[in-house]
2 protein chains.
Amino acid sequence: MSALRPTDAGLALLRVLWALGPGTIREVHRAWERERGTVAYTTALKLLQVMHDKGLVVRDTSRRSHVYAPAHDQQVVQGSLVTDLVNKAFGGSTVELVLRARSDRRIHADDPARIRALPDRLEEDPR
Amino acid sequence: MSALRPTDAGLALLRVLWALGPGTIREVHRAWERERGTVAYTTALKLLQVMHDKGLVVRDTSRRSHVYAPAHDQQVVQGSLVTDLVNKAFGGSTVELVLRARSDRRIHADDPARIRALPDRLEEDPR
DNA sequence: CCAGATCAACGAAGCCCTTCGTACCTCTGG
DNA sequence: CCAGAGGTACGAAGGGCTTCGTTGATCTGG
């Protein structure tokens with residue numbers, strides 16, 4: 001049960017993969033450039049290979065153009081990152097993080113209602 | 001308005017400083033070892049110097065034993081880290097992060113009530 | 001069959017973070 | 001005055017991340 005902490009660049013690529021679904025390196029590269037500007041093709045390639053070594057992505061090498069896909073659901077990785085931040089910056093208290101997030105100025109006007117509408121107890125939460 | 005993103009080690013030291021208040025390197029080093037195990041004194045020294053260069057801590061060098069203190073409130077730094085994570089992993093949506101945090105298994109049994117008790121609107125929040 | 005396009009692999013460079021050893025300064029007790 | 005304790009500064013090593021150029025293999029149109 002390792003940590004599951006993608007780096008910044010790795011996370012950016014994971015976000016591309018989550019949005020795109022499985023894709024070739026070229027497809028991922030193109031989508032990535034659409035968000036980040038010009039990046040060498042081999043940079044995306046290398047990064048995907050590194051992430052594969054770390055178990056963050058899976059790949060299908062049966063065809064010439066390898067197809068990469070996320071190894072974990074977005075929500076699982078997000079949860080891991082949140083837990084990590086909670087441990088490092090909030091002394092393990094998720095409540096403290098939520099409190100801090102709620103006072104974030106970037107929150108949208110209609111968002112408080114959405115937050116409030118969420119279930120309170122974890123046991124009632126499906127996934 | 002720069003980013004204000006302490007590294008992992010830097011954040012650990014900041015937590016020591018927030019708990020201790022202003023302190024000499026030796027004091028910080030001792031408190032740090034209490035949590036992290038054996039670390040060289042010069043490691044704490046160097047790290048504090050680096051953080052000073054980054055503007056994360058302030059120091060008083062008028063005495064022989066320099067006294068270091070956090071440059072920012074804990075809540076400010078926490079907010080910056082949360083905002084950073086929101087941007088990198090949640091597409092800028094604080095709501096998504098809160099949702100994910102709420103489904104974190106580590107949350108305590110009585111915590112949902114505490115979360116619910118928090119104010120909904122930012123404008124009503126003092127500090 | 002060949003030229004050019006497409007592709008994965010590899011290695012290296014550059015950067016930052018972390019850690020520590022060493023050097024040098026300053027103070028203090030005897 | 002001197003030895004040693006206690007202090008800061010400095011530089012370097014080691015590791016990880018990110019980026020890319022180069023190489024060599026494979027496919028495809030003509």
Side-chain angles (χ1 to χ4, degrees), chain A residues 2-17 22-69 77 81 84-85 88-89, chain B residues 2-17 22-69 77 81 84-85 88-89:
Chain A
S2 60
L4 205 56
R5 293 174 232 274
T7 62
D8 285 8
L11 183 56
L13 231 49
L14 276 178
R15 289 182 65 77
V16 168
L17 280 175
T24 64
I25 300 175
R26 189 146 309 272
E27 291 166 344
V28 172
H29 174 237
R30 271 199 259 269
W32 196 25
E33 276 195 326
R34 227 167 286 137
E35 299 176 356
R36 283 233 169 176
T38 302
V39 181
Y41 166 83
T42 53
T43 299
L45 165 65
K46 179 69 156 188
L47 192 42
L48 284 170
Q49 287 172 344
V50 169
M51 285 198 289
H52 178 255
D53 290 344
K54 293 179 182 173
L56 289 170
V57 297
V58 293
R59 63 175 172 184
D60 173 6
T61 59
S62 63
R63 302 190 194 181
R64 189 157 100 96
S65 296
H66 298 179
V67 173
Y68 284 78
V77 175
L81 290 170
D84 200 47
L85 183 60
K88 290 190 306 190
Chain B
S2 60
L4 204 58
R5 291 174 234 275
T7 63
D8 285 7
L11 183 55
L13 233 47
L14 276 178
R15 288 183 65 77
V16 168
L17 280 175
T24 64
I25 300 175
R26 189 147 307 274
E27 290 166 345
V28 172
H29 173 237
R30 271 199 259 269
W32 195 26
E33 277 196 325
R34 226 167 286 138
E35 299 176 355
R36 284 233 167 178
T38 303
V39 181
Y41 168 83
T42 52
T43 300
L45 165 64
K46 179 69 155 187
L47 192 42
L48 284 170
Q49 287 171 343
V50 169
M51 285 198 286
H52 178 255
D53 290 345
K54 293 179 182 172
L56 289 169
V57 296
V58 294
R59 65 176 172 182
D60 173 7
T61 60
S62 63
R63 302 190 192 182
R64 190 155 98 92
S65 296
H66 298 179
V67 173
Y68 284 77
V77 175
L81 290 170
D84 198 47
L85 183 59
K88 290 190 306 189

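In what follows, every heavy atom counts, from backbone to side chain, and hydrogens, waters and symmetry copies are set aside. Not measured: the values here are computed from a predicted model. In what follows, chains are A, B, ... by sequence order, proteins preceding strands, each numbered from 1.
In this structure, B:Ser62 and B:Val67 have side chains that are not in contact, with every pair of non-hydrogen atoms separated by 4.5 Å or more. In this structure the side chain of A:Gln49 reaches within 4.5 angstrom of the side chain of A:Arg59, judged on heavy atoms. Side chains of A:Leu81 and A:Leu11 form a contact here, defined as non-hydrogen atoms less than 4.5 Å apart. Two residues are said to be in side-chain contact when any heavy atoms from C-beta on lie closer than 4.5 Å; B:Lys54 and B:Thr7 meet this criterion.
Residue contacts for A:Arg63: at a heavy-atom cut-off of 4.0 Å it reaches no nucleic acid atom on any strand shown. Among the heavy atoms of the strands lying under 4.0 Å from A:Val39 are primed sugar atoms or P, OP1, OP2 only; no base atom is included.
Contact detail for A:Asp8 and A:Arg36: the closest heavy-atom pair is O-NH2, 4.3 Å.
Tested against B:Leu47 for a side chain to side chain contact (heavy atoms under 4.5 Å, CB included), the candidates B:Val28, B:Leu13, B:Thr42, B:Val39 yield a single pass: B:Leu13.
Spacing between atom CD of B:Gln49 and atom C1' of C:dT18 amounts to 14 Å, rounded to whole angstrom units. With rounding to whole Å, B:Tyr41 atom OH is found 15 Å from C:dA23 atom C1'. Counting to the nearest Å, the C1' atom of C:dA9 and the CG atom of A:Leu48 are 13 Å from each other. To the nearest angstrom, C1' of C:dC7 lies 13 Å from CZ of A:Arg30. With rounding to whole Å, B:Lys54 atom NZ is found 6 Å from C:dT18 atom P. Distance B:Leu47 CG to C:dG21 P: 16 Å, rounded to the nearest Å. Atoms CD1 (A:Ile25) and C1' (C:dT6) sit 11 Å apart, rounded to a whole Å. For the pair A:Lys88 NZ and C:dC17 P, the interatomic distance rounds to 13 Å; values are reported in whole Å.
Below the 3.5 angstrom threshold, one finds a donor paired with an acceptor across the side chain of A:Arg64 and the base of C:dT6.
Dashed line: the shortest gap from a side-chain N or O of B:Thr42 to OP1 or OP2 of C:dC20 is not under 4.0 Å.
Reading DNA chain D from its 5' end, the first and the last nucleotide to sit under 4.0 Å from a heavy atom of chain A are D:dC17 to D:dC27.
Remark: the backbone N or O of A:Thr43 is not paired with any side-chain donor or acceptor of A:His29 at under 3.5 angstrom.
Two residues, A:Leu45 and A:Thr7, neighbour DNA chain D, and the one matched to the more 5' nucleotide by heavy-atom proximity is A:Thr7. Of the residues near DNA chain C, A:Lys46 and A:His66, the one whose nearest nucleotide (by heavy atom distance) lies more toward the 5' end is A:His66.
In this structure, of C:dC20, C:dA8, C:dT19, it is C:dA8 that holds the atom nearest to the side chain of A:Ser65.
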